[in-house]
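Here's the structure we're looking at; comments come further down.
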Number of protein chains: 2
Amino acid sequence: MQREGPTVVAVDAMGGDHAPQAVVDGVLLLTAADQVRVLLVGQEGAIHSALRGRPLPTWVEVVPAPEVIGMDEAPSAARRKKDSSSLGVAARLVREGRAQAMMSAGNTGALMAVALLVVGRIPGVLRPAIAPLWPSRAEPVLVLDCGANADTKAEYLAQFAVMGSLYLEHVLERPQPRVGLLNIGTEQGKGNERVLAALPLLQAAPCRFVGSIEPADVLAGRVDVAVVEGFVGNMMLKTGEAVVELIFDSLRQGASRDLRSRLGAWLLRPVFRELKRNLDQGEHGGAPLLGLAGTVIKAHGSSQASTVASAVRAARRATQVDVVGRIAGSLAAIGQASREATDEPKL
Amino acid sequence: MQREGPTVVAVDAMGGDHAPQAVVDGVLLLTAADQVRVLLVGQEGAIHSALRGRPLPTWVEVVPAPEVIGMDEAPSAARRKKDSSSLGVAARLVREGRAQAMMSAGNTGALMAVALLVVGRIPGVLRPAIAPLWPSRAEPVLVLDCGANADTKAEYLAQFAVMGSLYLEHVLERPQPRVGLLNIGTEQGKGNERVLAALPLLQAAPCRFVGSIEPADVLAGRVDVAVVEGFVGNMMLKTGEAVVELIFDSLRQGASRDLRSRLGAWLLRPVFRELKRNLDQGEHGGAPLLGLAGTVIKAHGSSQASTVASAVRAARRATQVDVVGRIAGSLAAIGQASREATDEPKL
């Protein structure tokens, strides 16, 4: 089902390293062509200061929420503040159907905890997953789960494959996405308990499963979707980010130490900029939290205005192509098939 | 116990992307001051060709082994060839006491399988670990396990902490190394089942445990030893390597596309070289396989002569300071203490 007309997106004005300024600026970058109505949720005073006298467009409405969940607060604190925080109020708008989607650049753990509690899971989904896009030498790759779950079972991994595949196919319009399972090797017999148990489930899942893959396959863009346990995906993501930061910091330091290096760095500036843009490409559009009973998009904590705007657009797109309904339908079909298989008389 | 006199190191001449040439060249870089005797194990014809007419120093002896284990062969194949392969013969030299240490730049899985089978574990060690040094903004950090074990229990992680700590303290002479446990967050309650169960064990272990850490803490050099499940450490290591490769390839491509970029890259060459050297710093000295009943050092598959030489030196140093004996002693003391604790009458 394709939804027509503008999508109502509840935007957490208070989440992110540069909130509320970057969030407000991002929302103001949207135009009528984006076909969204934004409910900007947060502290009214802070939002109005961030507007800096600019008028609120007709398709933006401020919804007050007195409290803020800090970037370092534990999910338990987030749950306590679920009725009063910008995150909690945004989630309630989705639950009550006043918004079809929500977007936050805030605390990921808090977003997942509040969304699970307030928006809830799609029936049949065992665990939701957070699915950021990674840069690659080819198209960006959707990697899930990158940290929604500390502990993972093989059955979750099979569902992640289906959910990620549907998102990529319909939101990013990449037909028949190739799905790989991240593993310590590609030879038969390689893997930990969970991966070994997941391999046959992925083979049977309704997606184009290509087998075990290694991290280099993701960076090379040899798959479109990479399935991984949340703990591992989270550590890989953070390792990649830390390595990128180390390299750029070292280059920046080295490039400023003498005249020769400063000149070299100035000449190479277009190359550095392009590389940085490629490495950041995944951040555009944000990371969906898949498996929840509403569209929930997480933008990177360091998001600036343009990233916020593209995350809101991704929220609209995911809603428009009905990712939630497609996941529900696909999992119901698997459930039905496995029930029928179980019901068959044993010979 | 400090061992005096030259250390006998069995070197797998056939292992590595550039074997036997890089291995033979590496061994020829060693001098009498390195205080090693090398048993160069492999196909005699190939070794002699790689010598290119240079005479064999008196402290190097060729030990023939007819077969080679390929870089992509499964550990099962390695086990089959354990009597005839260069890896298997090198391991047997250690087992029989004809060598005190072995070094290979070959297939990691095969090395671990053969070493476990032929050299065996230190009594009391639950699982060995592979412990490469990672580059950081400060000193290199020993990260273990980076892939010797697909499945890990909390008890293994506690032993990894002790083994890594002893290696760093005695081989790299960094007193009282700080040990961190890699985790998806540093707040209380964060972690998967294994990590949560390991935290109290690490607190009680005879090492300077500083708590949960994230990948950025490793890259920043905020710890000296980072403990991690083998599956996760392996994926992090490969992610880091793939990111570095992606960045350098992109810079290389960008730097050759026009005159301005070519000039910039030439001016920045010293900066790039220094960065590359820093990123490779961990590869010098190789990665020990800790927990085995003999010194076993893995050099990176892409090792050139100088890396091979420094891995042989690391093998000598680890043998000289008796890492194996220290690990055995430390684990025996823990075992003794826990037996005494268990023997105490319950009140």
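Small disclaimer: the values here were computed from a predicted structure and weren't measured. Letters A, B, ... are given to chains in the order of the sequence lines, protein chains preceding strands, and every chain is numbered from 1.
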Between chain A and chain B, are any donor-acceptor pairs under 3.5 Å, and how far apart is each one to 0.1 Å?
unit_1  : atom_1 : unit_2  : atom_2 : d
R137(A) : NH1    : D249(B) : OD2    : 2.7
R137(A) : NH2    : D249(B) : OD2    : 3.3
D151(A) : OD1    : E193(B) : N      : 3.0
D151(A) : OD2    : E193(B) : N      : 3.3
I184(A) : O      : K238(B) : NZ     : 2.9
E193(A) : N      : D151(B) : OD1    : 3.0
E193(A) : N      : D151(B) : OD2    : 3.3
E214(A) : OE1    : K238(B) : NZ     : 2.5
K238(A) : NZ     : I184(B) : O      : 2.9
K238(A) : NZ     : E214(B) : OE1    : 2.5
D249(A) : OD2    : R137(B) : NH1    : 2.7
D249(A) : OD2    : R137(B) : NH2    : 3.3
R257(A) : NH1    : E274(B) : OE1    : 2.8
R260(A) : NE     : L267(B) : O      : 2.8
R260(A) : NH2    : W266(B) : O      : 2.7
W266(A) : O      : R260(B) : NH2    : 2.7
L267(A) : O      : R260(B) : NE     : 2.8
E274(A) : OE1    : R257(B) : NH1    : 2.8

What's the verdict on side chain to side chain contact (heavy atoms under 4.5 Å, CB included) for L251(A) and F272(B), showing C-alpha distance, side-chain angles and the deciding distance?
CA-CA 7 Å; L251(A) 287 176; F272(B) 285 132; 3.6 Å; yes
Checked V244(B), V243(B), L268(B) vs chain A; the most non-hydrogen pairs under 4.5 Å come from L268(B)
Beyond-backbone contact of P128(A) with L289(A), side-chain heavy atoms, under 4.5 angstrom:
no
Contact check, side chains of L275(A) and F248(A), non-hydrogen atoms, under 4.5 Å:
yes
Look at V218(B), L263(B), I247(B) and state which one has the largest set of heavy-atom pairs under 4.5 Å with chain A.
I247(B)
If you compare all heavy atoms of P132(B) against all heavy atoms of A287(B), which two are closest, and at what distance to 0.1 Å?
CA-CB, 3.5 Å
Interface check, chain B: of A150(A), G189(A), G147(A), most non-hydrogen pairs under 4.5 Å belong to A150(A)
Side chain to side chain contact (heavy atoms under 4.5 Å, CB included) filter on A131(B), not counting sequence neighbours, yields L142(B), L144(B), P288(B), L290(B)
Residues that V228(A) engages under side chain to side chain contact (heavy atoms under 4.5 Å, CB included), provided they are two or more places apart:
V143(A), L182(A), V232(A), M236(A)
Evaluate side chain to side chain contact (heavy atoms under 4.5 Å, CB included) for V141(B) paired with L133(B), printing each intermediate quantity in order.
CA-CA 5 Å; V141(B) 177; L133(B) 283 165; over 6 Å; no
Which residue out of A216(B), A265(B), G254(B), G264(B) racks up the most heavy-atom pairs below 4.5 Å with chain A?
G264(B)
Sorted by chain and residue number, the side chain to side chain contact (heavy atoms under 4.5 Å, CB included) partners of A198(B) (sequence neighbours excluded) come out as A154(B), L157(B), L181(B), L202(B)
Which atoms of I184(A) come close to chain B, meaning under 4.5 Å heavy atom to heavy atom: side chain ones, backbone ones, both, or neither?
both
With a 4.5 Å cut-off on side-chain heavy atoms, are V68(A) and L87(A) touching?
no
Checked P270(A), G191(A), G240(A) vs chain B; the most non-hydrogen pairs under 4.5 Å come from P270(A)
Please state whether the side chain, the backbone, both or neither of V195(B) comes within less than 4.5 Å of a heavy atom of chain A.
side chain
